[in-house]
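Encoded as structure tokens, the structure appears first; notes follow it.
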Amino acid sequence: MADDDDDLMRRAEALIERHRGAAFPPLIDLADIPTLTEAVEPVAEGVGIRAPNDAVRMDAKAIVLPSEPSVPPGHGLQVPSAGAGGEVIARVQVQNLEHSVYQKLRRELDERIAEVLQDRFMPDIGSALDQVLKKISEGLKSDIGAMVRASIEETLHTQLKALRVGLESKTAEPASGQLGSDIMPAFSASPTPDMELAKSFEPAAIEARWYPFWESSGYFRSNSDQSKPAYCIQLPPPNVTGTLHMGHAFQQTLMDALIRYHRMCGYNTNWIVGTDHAGIATQIVVERQLQAEGRTRHDLGREAFVKRVWEWKQQSGSTITRQMRRLGASANWGYADTEGQSAGYFTMDEKMSRAVVEVFVRMREQGLIYRGKRLVNWDPVLGTAVSDLEVEAEEEDGKLWEIRYPLEDGTGSVVVATTRPETMLGDVAVAVHPQDERYRPLLGKRVWLPLTGRTIPVIADDSVDPEFGTGCVKVTPGHDFNDYQIWTRHRDAELRDAPQGGLISIFTLDARIKPSGLDDLIPQPYRGLDRFAARAQIARDLAATGHLVSEKPYKLRVPRSGRTEEIVEPMLTDQWFVQMEDLARRGLGAVAGGEVRFFPEHWTTTYNHWLENIQDWCISRQLWWGHRIPAWYGDDGAVYVARDEAEARAQAAARGYSGALKRDEDVLDTWFSSALVPFTALGWPEKTKDLELFLPSSVLVTGFDIIFFWVARMIMMTQHFTDKVPFRHVYINAIVRDAEGEKMSKSKGNTLDPLDLIDGITLEELLAKSTSGLLLTDHRQKAYRYVRQHFPEGIPAFGADALRFTFASLATFARTLNFDLNRCEGYRNFCNKLWNATRFVLMNCEGKDTGVDESLPVELSFADRWIVSRLQRAEQAVHEGYRDYRFDMLAREIYELTWDEYCDWYVEIAKVQIANGSESQQRGTRRTLTRVLEAILRLAHPVIPFITEELWQKVAPLAGRRGPSIMIQPYPRPQPERIDETAETWMGRLKDVVNACRTLRSDMGVAPGQRMPLFVQGDRDEIGPLVPYLMALARLSEVLVTDRELPKVDAPVSMVGKCRLMLKVEIEPAVERARLRKEKARLESEIAKCDAKLGNAEFVKRAPPLIVAQEKERLARFKVALAQIEEQLRRLG
RNA sequence: AGGCGCGUAGCUCAGCUGGCUAGAGCGCAUCCUUGACAUGGAUGAGGUCGUUGGUUCGACUCCAAUCGCGCCUACCA
């Protein structure tokens, strides 16, 4: 694999090297592109402009033809510009090149280039280049060919450069042993490569360059600086077995944005990360591996098995943390990193394990942990207890059997219903409601339990619903939670003399009927049968003996183990429990008292509801992988809970026992150790400084699915052991779904791998990936279809920044997040926009006076002051977004500021000011251009870290800022004194007038290149300063402002505020009439609405005066406008 | 059975404590390669804000009911 890459790399290198320096030979045979020859030749014939030198070429944007300086009419516009050799070069816009043809041409060229270049999935770059080089030798004959060739060469050079970078980063040696080249291409950090910015944004190389630089510079680390406020986030530790999925990527994006934001705001940030040993999940993975080898864990034995899990953990354990790095996560990797993998803590490392034992021992001493025989959810395949939360009950099709139990005295019978007839072997009673008149006479009597020859009593219990079924319930306390409760109420009365004390456990731990040991209770034929076999047999026998009343289809909720999907069996076993009542009360208090706040707030309800109805927590698991319970048993049955065996022995000795001690075989529920992470990761039980500094942490970002599993338990445990809450805020993020709102699942094929969105993936690869590992043909086909339909061309590489921006934009307070690839594309385009805006600024400012020297005079226009003012408002809004966890709002604010204001308006204005302005005006413009951009980059950095770093390095010096990295620069703070409402008013007017002109042009069907005069009737002082900008932005030839009536000519007129605009342009009366009628209709409907409001006496009386005044002013404005429209219409006839 | 969330343009979503013509992106239509950007620019079409009722001068926004979708919790055999 690596060898192949190396070889490929060498061959590509050699090829590139061979053709470097001298003109790169053209790689594309023009004969392959029919559109090009068809489209260009006719124009070329008639034109023939002579080139001043050989450098003239066609680029992808305009076709420049060498010829005499004359262009035949009808073929295009002539735009003179100074030629390099003093001659005039005509730039010809080829008008007879149909748009569709042009598009087609571009596409064909692009395709051809892409074919040649291939991307990094190309299996053999070398041979592709060889192939292409063959064509080169044939050369091209025509002049146009030469020009096209030159253009393609340039494109190729750019792309080859990118390709080289990609290849280098792909094959370079990892900087440190932890970074696998497959996941995180390492790059020997050179922060400021002195290259010009590429024509468009290419994320791969940028991302590869900056992450290792940041990490190795130590920017992610926290410190013990007490003068800075602390800001801390605990990462929900992902499973060591896991790989990054969309949910992780989403959460981590938000966490990273918060961390980067606060770091730049001057906080001492600490993003604590780690991985979870994930008991059951991990054990299952390794057991599957063994299964593939034809072995089981029992073949290995406990010790060897655990060793094997550790080995596997070491090997694959940091996959997910490496993937996190691809997203740009600025986590404190080295913190609590006892494993030396730069991946934070591991919940089973030595330090964490010690803390777990300490917690267990203390809670036992405090009487909060107890051991007992209880009914628990049992997974018969895994052979372990699972907690209530790990059981998922889905509605499934089953059957309901009604069974007749005859009265012992022969006076009749009762009928009970069950979905699990096999459990009747463990019945100890029949229960009815105490007030149920039908059965009152039966109370105290006994009924025959069919097939067994036993009798059981009829008892009364409130939990029986007389309305349901027959109103009679069979009671099986050993295999039903509800019945167990009934048993606890009757065990000392009616059930006192029942066999086994009324608690009969009929199953073995692998869910077969006990083959022995209950010979007096279980008839011979059923002994040893699997539970489902027993069910069938018993149903048959009941029918045969006439006890079966009915058997009908029935929908019931089947409890299945979350891990194995196996039907869970309530089973009577010895387990360890945590007593929850007191802990829960405190946990409720923390939220009720506001020490912990949920965002969005409504999750509080869910949290409260669970804690108010909490059951004791079964924490023991009959597994091998996990924290082994620190309890030792003597031969006499005594239990010693201790920190280690020596301590247990001392305890035993104190009680006069010196015999053998056997350690408990069970391990703890994974969530037990997870619940401790908020303080154990900070060094507890030692009294560390970090416990002071970083507890409580600032916010927990997590999904609602683990509010119970994790959030609530962390709150309770942390309070209990530290008297602090674990975190102040809990941000519950949305669940990521696909674009149609469907749950992402492997079997549907609608999962997305965040890394594929970053790097891109071909259709073939995606298909292979989505269908692999699916066992059912049905699933494979479904997945195949989904992928074909939704990603017909694979997924393009959007880059980490675009993905992050998408997540931020979709992070509303909604419960689900429908991930739409189109939005991802939109934000990739945004990155490109930012990239190109920066290119523009650099082209215009690099090597020029950008006002860094503060002593030189600077003149600022209203437009300069406006964009600065607008920036302050955006900064304010972004701060508020972070404060309220409204990532969608802040992303939107950044997007609009950058694109709609800075790019669409300010950059265009800056062009005017640089072209026409005085020295100090130009200085002011360049200064504003660079400083606002620099601020935008910092503002956006927490969300899109890579591109902002890359661009900032170049922009910052022009804006008078220095520093090694944007990520440790101060975050922009709004300066209210720079909000300039006057400038905003001016700018608002400019936008209105420009927009009005553009609309008129468009409505009139004016050709884009055509300039015409604009007449404005209005206040000279209000319009005058806008003129130079209007000329450029609205493509006018001149602007004439008058305070008198506009000349009465046929020209389109538009109202902007109190001004009337008239665009002097030839009109098509029909078109103009249509436009006016439409406008008239709009105005009439507005007037009708205003009239209705103002005609309402109540409105005028009760609405705030401001609103009423506004409405009156609107009405007046509309009326004036309408009158004018009507007059124009009249004139047009 | 309870509880929660959602329903706004063809699609994915904003719309703060009620008040200017209900917004964005994508998609669609027309036009445009003009030295930052076609991953672009300009203009436009498209919505009785799920339905009904109420409160109010005024409701996408508040209240009630109802329909549809989704989720969570629960001991209905």
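Here is how names work: the chains are called A, B, and so on, in the same order as the sequence lines, proteins then strands, and each is numbered from 1.
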When rounded to the nearest Å, what value does the distance between [atom1] atoms of [N] and [M] take?
N: B:rC32; M: B:rG68; atom1: C1'; result: 45 Å
N: B:rC76; M: B:rG53; atom1: P; result: 40 Å
N: B:rC60; M: B:rA22; atom1: C1'; result: 8 Å
N: B:rU61; M: B:rA1; atom1: P; result: 29 Å
N: B:rG27; M: B:rG46; atom1: C1'; result: 11 Å
N: B:rC57; M: B:rU48; atom1: C1'; result: 22 Å
N: B:rG7; M: B:rC49; atom1: C1'; result: 10 Å
N: B:rC4; M: B:rA9; atom1: C1'; result: 28 Å

Sugar-phosphate, base or nothing in reach of [X], heavy atoms under 4.0 Å:
X: A:Thr999; answer: sugar-phosphate
X: A:Gln615; answer: nothing
X: A:Asp461; answer: nothing
X: A:Arg886; answer: sugar-phosphate
X: A:Asn822; answer: sugar-phosphate
X: A:Arg1001; answer: nothing
X: A:Pro1104; answer: base
X: A:Trp401; answer: nothing
X: A:Phe481; answer: nothing
X: A:Phe830; answer: nothing
X: A:Gln1110; answer: nothing
X: A:Cys831; answer: nothing
X: A:Tyr554; answer: sugar-phosphate
X: A:Ala431; answer: nothing

| Donor-acceptor contact present, side-chain A:Asn750 to main-chain A:Lys743, <3.5 Å |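 Yes, because the side chain of A:Asn750 sits within donor-acceptor range (under 3.5 Å) of the backbone of A:Lys743.
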
| A:Ser1002 (side chain) donor-acceptor with A:Arg998 (main chain) under 3.5 angstrom | no

Which nucleotide sits closest to the side chain of [X]: [options]?
X: A:Phe704; options: B:rC72, B:rG5, B:rG41; answer: B:rC72
X: A:Asn829; options: B:rG25, B:rC37, B:rG40; answer: B:rG40
X: A:Asp904; options: B:rC37, B:rA42, B:rA77; answer: B:rA42
X: A:Arg828; options: B:rU73, B:rA36, B:rU39; answer: B:rU39
X: A:Asn1096; options: B:rU39, B:rG19, B:rC57; answer: B:rC57
X: A:Phe1099; options: B:rC57, B:rA36, B:rA14; answer: B:rC57
X: A:Ala1103; options: B:rG5, B:rU34, B:rG19; answer: B:rG19
X: A:Asn818; options: B:rG44, B:rU12, B:rC71; answer: B:rU12
X: A:Val473; options: B:rA36, B:rA77, B:rG41; answer: B:rA77
X: A:Lys833; options: B:rG19, B:rU56, B:rG40; answer: B:rG40

| request: Write down the atom of A:Ile403, the atom of A:Val549, and the distance for their closest heavy-atom approach. | output: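 A:Ile403 and A:Val549 have their closest heavy atoms at C-CG2, 4.2 Å.
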
Which nucleotide, in any strand shown, forms a Watson-Crick or G-U wobble pair with [N], with both distances under 3.5 Å?
N: B:rU30; answer: B:rA42
N: B:rU73; answer: B:rA1
N: B:rG58; answer: none
N: B:rG25; answer: B:rC11
N: B:rA64; answer: B:rU52
N: B:rG18; answer: none

| query | Under 30°, 30 to 60°, or over 60°: which ring-plane class applies to A:Phe599 and A:Phe813, parallel, tilted or perpendicular? | reply |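 The arrangement is tilted - the two ring planes meet at 30° to 60°.
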
| remark: Rounding to 0.5 Å, atoms CD1 (A:Ile459) and NE2 (A:His490) come to a distance of 4.0 Å

What is the separation between atom [atom1] on [X] and atom [atom2] on [N], rounded to the nearest whole Å?
X: A:Arg737; N: B:rG70; atom1: CZ; atom2: C1'; value: 7 Å
X: A:Phe201; N: B:rG40; atom1: CZ; atom2: C1'; value: 16 Å
X: A:Asn836; N: B:rA38; atom1: CG; atom2: C1'; value: 11 Å
X: A:Tyr827; N: B:rG40; atom1: OH; atom2: P; value: 13 Å
X: A:Phe819; N: B:rG25; atom1: CZ; atom2: C1'; value: 14 Å

Does the side chain of [Y] come within less than 4.5 Å of [X]'s, by heavy atoms?
X: A:Met889; Y: A:Glu880; answer: no
X: A:Phe1099; Y: A:Ile1107; answer: yes
X: A:Trp835; Y: A:Glu202; answer: no
X: A:Phe708; Y: A:His609; answer: no

If the cut-off is 4.0 Å, is [X] near the phosphate of [N], judged by side-chain N/O to OP1 or OP2?
X: A:Asn832; N: B:rA36; answer: no
X: A:Lys1078; N: B:rA45; answer: yes
X: A:Lys911; N: B:rA36; answer: yes
X: A:Thr812; N: B:rA14; answer: yes
X: A:Trp905; N: B:rG41; answer: no

| message | Judged by each residue's nearest nucleotide on RNA chain B, which is more toward the 5′ side, A:Glu896 or A:Asp480? | response |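 The answer here is A:Glu896.
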
| Closest-nucleotide ordering on RNA chain B, the 5'-leading residue of A:Thr605 and A:Val1100 |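 Result of the comparison: A:Thr605.
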
| task | Would you check, one step at a time, whether the test salt bridge (charged side-chain N to carboxylate O under 4.0 Å, His left out) holds for A:Lys399 with A:Glu551? | result | CA-CA 7 Å; A:Lys399 280 180 182 161; A:Glu551 176 184 325; 3.2 Å; yes

| message | With a 3.5 Å cut-off and heavy atoms only, can you find an N or O donor on one side and an acceptor on the other between the side chain of A:Arg1035 and the base of B:rU34? | response |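 In this structure, the two groups form a donor-acceptor pair.
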
